[in-house]
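Since the structure comes first, as structure tokens, the remarks are kept for the end.
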Protein chains: 2
Amino acid sequence: MARIKDVAVRAGVSVATVSRVLNANPSVSEETRNRVYAAMTELNYVPNAVARSLRTEATRTLGLIIGDILNPFFAELARAVEDTARKAGYTVVIGNADERAEEQDHYVRTLIEQRVDGLLICPTAEVTPLVEQAAATGDPLVFIDRVLPGMDVPSVRVDGTAAIGELVGHLKRLGHRRVALISGPLRLSTGRERTDAFVKAVAEHGMELRPEYIQSGDFQLASGRALSARLLDLPEPPEVIFGGDNLMTLGALDEIRARGLRIPEDVALASFDDVPWFPHMNPPITAISQPVAELGARAVRVILDRLHGRPAGSVVLPAVLVPRQSCGEGRNVS
Amino acid sequence: MARIKDVAVRAGVSVATVSRVLNANPSVSEETRNRVYAAMTELNYVPNAVARSLRTEATRTLGLIIGDILNPFFAELARAVEDTARKAGYTVVIGNADERAEEQDHYVRTLIEQRVDGLLICPTAEVTPLVEQAAATGDPLVFIDRVLPGMDVPSVRVDGTAAIGELVGHLKRLGHRRVALISGPLRLSTGRERTDAFVKAVAEHGMELRPEYIQSGDFQLASGRALSARLLDLPEPPEVIFGGDNLMTLGALDEIRARGLRIPEDVALASFDDVPWFPHMNPPITAISQPVAELGARAVRVILDRLHGRPAGSVVLPAVLVPRQSCGEGRNVS
DNA sequence: CCCTCCCGTGTAATCGATTACATGAGGGTA
DNA sequence: TACCCTCATGTAATCGATTACACGGGAGGG
């Protein structure tokens with residue numbers, strides 16, 4: 001593959017001049033610039049980003065570590081991050097942690113070895129020594145979606161509290177009183193927040209708050225189904241099941257269908273986390289939608305701020321309720 | 001950030017020795033090796049992959065260019081590629097071409113600049129000069145999913161012909177006679193293949209083949225909905241609509257529901273391309289499932305073969321029919 | 001006419017690793 | 001004791017770019 005030196009020889013100039021042309025340095029005469037361009041095309045020259053990065057100590061690359069690319073939430077997040085980064089001239093390397101601290105660490109290590117300019121992490125529950133050290137070293141880190149307590153790292157996340165309050169109000173207005181939540185592990189900031197917000201909202205609306213209506217699983221389909229079964233087997237089952245993420249909602253849906261129950265007549269269903277196919281279900285599923293694209297875009301902006309020495313603070317975005325038909329008469333927004 | 005030289009000084013050895021330790025070269029005494037390891041941890045040394053790559057001319061990185069990460073098909077593909085590559089010690093950089101030749105070229109260029117060891121591409125319709133040149137230069141390329149005619153590049157793809165034949169048989173057995181297809185653009189190898197296979201199978205089964213039952217759109221939801229509307233408005237509408245990908249099927253579903261028609265009683269529905277939530281629909285959607293994970297894994301293996309000088313041929317994998325309930329009595333597989 | 005300054009370009013050091021080759025110590029053998 | 005070999009380690013060139021600094025020539029001012 002042609003090197004800068006080959007281009008220089010071909011154009012009859014020095015490597016410095018070729019480099020200046022590459023970097024659009026204005027102090028090259030137009031005539032020389034054209035000769036260099038000609039030489040480049042003749043040789044099919046493609047600059048070597050590896051060599052450039054070694055010298056400039058910058059890779060124009062960001063690392064993104066997510067929980068699971070198969071989850072539409074993360075897919076959308078990845079896409080937004082990629083789009084925003086690309087517009088700023090950065091490439092994104094995605095690492096799939098598969099919700100395992102060990103895999104997460106693998107990518108933290110690999111991406112730091114590759115000298116990415118910044119690292120966006122959806123952290124697993126644990127604070128691993130590696131992440132702690134990266135933060136301490138001052139590597140440019142940003143947490144997305146989830147937050148780890150007690151770490152001095154800027155974060156960009158969604159606050160669903162208000163939307164959950166709205167949802168509970170929506171349910172009350174539709175006549176529901178016995179409402180249940182199946183959510184994720186309390187050790188994740190997201191699982192904890194959703195549970196707390198729900199409990200609080202139910203209390204504030206003066207609705208029944210039975211401990212057995214608050215179930216905690218692992219954000220996976222199977223646990224959503226199992227917990228729904230438990231709820232529906234109760235002597236007095238809830239009138240509404242609220243899934244803590246799209247997969248738990250899907251599990252609930254399976255269990256409800258398997259029992260031949262109708263939605264929303266026999267039991268209503270709502271989801272935290274909207275996915276593109278919820279509107280196409282029968283009936284369309286009422287969901288709390290997170291501003292995922294915004295989440296990704298803001299995270300990129302925070303890290304770029306940091307890279308350019310601008311002050312970079314944390315960001316909290318609101319989720320919004322999208323009422324559809326799965327809880328009864330939809331469309332009548334608060 | 002600590003460099004190899006710092007480690008060398010700290011351990012009282014030369015940089016060569018440190019490098020040997022890094023590369024697990026056996027000709028280093030155990031005692032020295034331990035001293036070096038100690039120095040590394042004391043300094044929080046992280047090797048610089050950029051410098052290593054410059055010297056070794058290998059990045060242990062693969063590029064993957066896909067159509068759209070939001071499409072579950074590509075998400076699963078990306079995940080499989082990443083998994084397989086990671087097990088072989090490679091990192092994957094994903095580029096989202098957004099089905100645009102221009103974006104595709106952007107990533108081809110960027111990834112070649114970054115000197116990825118190999119490039120996996122789901123090509124857009126066009127053969128761009130850049131891709132052509134990359135192929136001619138002998139850059140390690142592999143096409144996934146789609147194929148560009150007349151290029152000497154190994155490909156890994158799915159052949160749905162047999163499964164489509166099976167589906168048509170399945171439909172016939174269930175008593176359907178008037179079957180329609182809404183598929184993608186004929187300029188894509190996938191759109192063309194699915195249409196050809198369907199037409200051929202319908203003919204072979206001696207079922208009605210009306211030209212107006214074969215519609216071609218753009219693999220997007222809106223076009224699926226519009227084409228379905230056109231079909232259902234026909235004086236004699238089809239008994240079955242077969243969507244050419246998951247999005248067109250979803251569009252068809254919307255149109256069918258909007259008209260208050262029942263599936264499968266009023267009109268049956270099937271999809272090429274299975275997605276995780278089809279089994280959870282009401283009724284569960286009969287689909288042709290592509291071995292996506294296998295597709296990704298094989299593509300990685302093909303490119304690694306090529307990188308290691310082993311012969312690398314093209315691969316064709318069969319799709320399989322997954323009968324569910326959306327065409328009538330499910331479960332009775334051929 | 002000479003001095004300065006600027007413009008366009010070139011020379012060479014540098015980034016952090018890998019690795020061919022050199023070196024020196026120690027052991028075994030004749 | 002002399003020789004050779006092996007083993008552990010060191011020296012220095014190298015990968016392909018960027019960039020500080022140097023330099024020569026021409027323009028402009030006094």
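Numbers restart at 1 for each chain; the letters A, B, ... are given by sequence-line order, proteins then strands.
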[X] bridged to [Y] by N-O distance under 4.0 Å:
X: B:Arg3; Y: B:Asp6; result: yes
X: A:Asp98; Y: B:Arg79; result: yes
X: B:Asp105; Y: B:Arg100; result: no

Among [options], the nucleotide that comes nearest once only the side chain of [X] is considered:
X: B:Val15; options: D:dA12, C:dG16, C:dT9; answer: D:dA12
X: A:Glu57; options: C:dA17, D:dG10, C:dC15; answer: C:dC15
X: A:Ala51; options: D:dT18, C:dG16, D:dG16; answer: D:dG16
X: A:Ala16; options: C:dT11, C:dG16, C:dT18; answer: C:dT11
X: A:Ser19; options: D:dT9, D:dT18, C:dT19; answer: D:dT18

Separation of atom [atom1] in [X] from atom [atom2] in [N], rounded to whole Å:
X: A:Arg20; N: C:dG10; atom1: CZ; atom2: P; answer: 8 Å
X: B:Tyr45; N: C:dG16; atom1: OH; atom2: P; answer: 10 Å
X: B:Arg35; N: D:dT9; atom1: CZ; atom2: C1'; answer: 11 Å
X: B:Asp6; N: C:dC15; atom1: CG; atom2: C1'; answer: 13 Å
X: A:Gln114; N: C:dG16; atom1: CD; atom2: C1'; answer: 15 Å
X: A:Leu54; N: D:dT18; atom1: CG; atom2: C1'; answer: 10 Å
X: A:Glu30; N: C:dG8; atom1: CD; atom2: P; answer: 11 Å
X: A:Lys5; N: D:dC15; atom1: NZ; atom2: C1'; answer: 10 Å

For [X], report the nucleic acid contact type (base, sugar-phosphate, nothing); a contact means any heavy atom under 4.0 Å.
X: A:Val18; answer: nothing
X: A:Thr32; answer: sugar-phosphate
X: A:Val50; answer: nothing
X: B:Val13; answer: sugar-phosphate
X: B:Ser29; answer: sugar-phosphate

Is there a side-chain polar atom (N or O) of [X] under 4.0 Å from OP1 or OP2 of [N]?
X: B:Asn23; N: C:dT18; answer: yes
X: B:Thr17; N: D:dG10; answer: yes
X: A:Arg55; N: C:dT14; answer: no

Inset, instruction - Answer with yes or no whether A:Arg33 presents, from its side chain, a donor or acceptor under 3.5 Å of a partner atom in the base of C:dG8. - result: no
Inset, instruction - Please say which of A:Glu193, A:Glu126, A:Glu99 ends up in a salt bridge (charged side-chain N to carboxylate O under 4.0 Å, His left out) with A:Arg146. - result: A:Glu99
Legend entry - Donor-acceptor pair, side chain of A:Thr84 and main chain of A:Val300, under 3.5 angstrom: no
Legend entry - Residues A:Gln114 and B:Thr91: side-chain donor-acceptor under 3.5 angstrom: yes
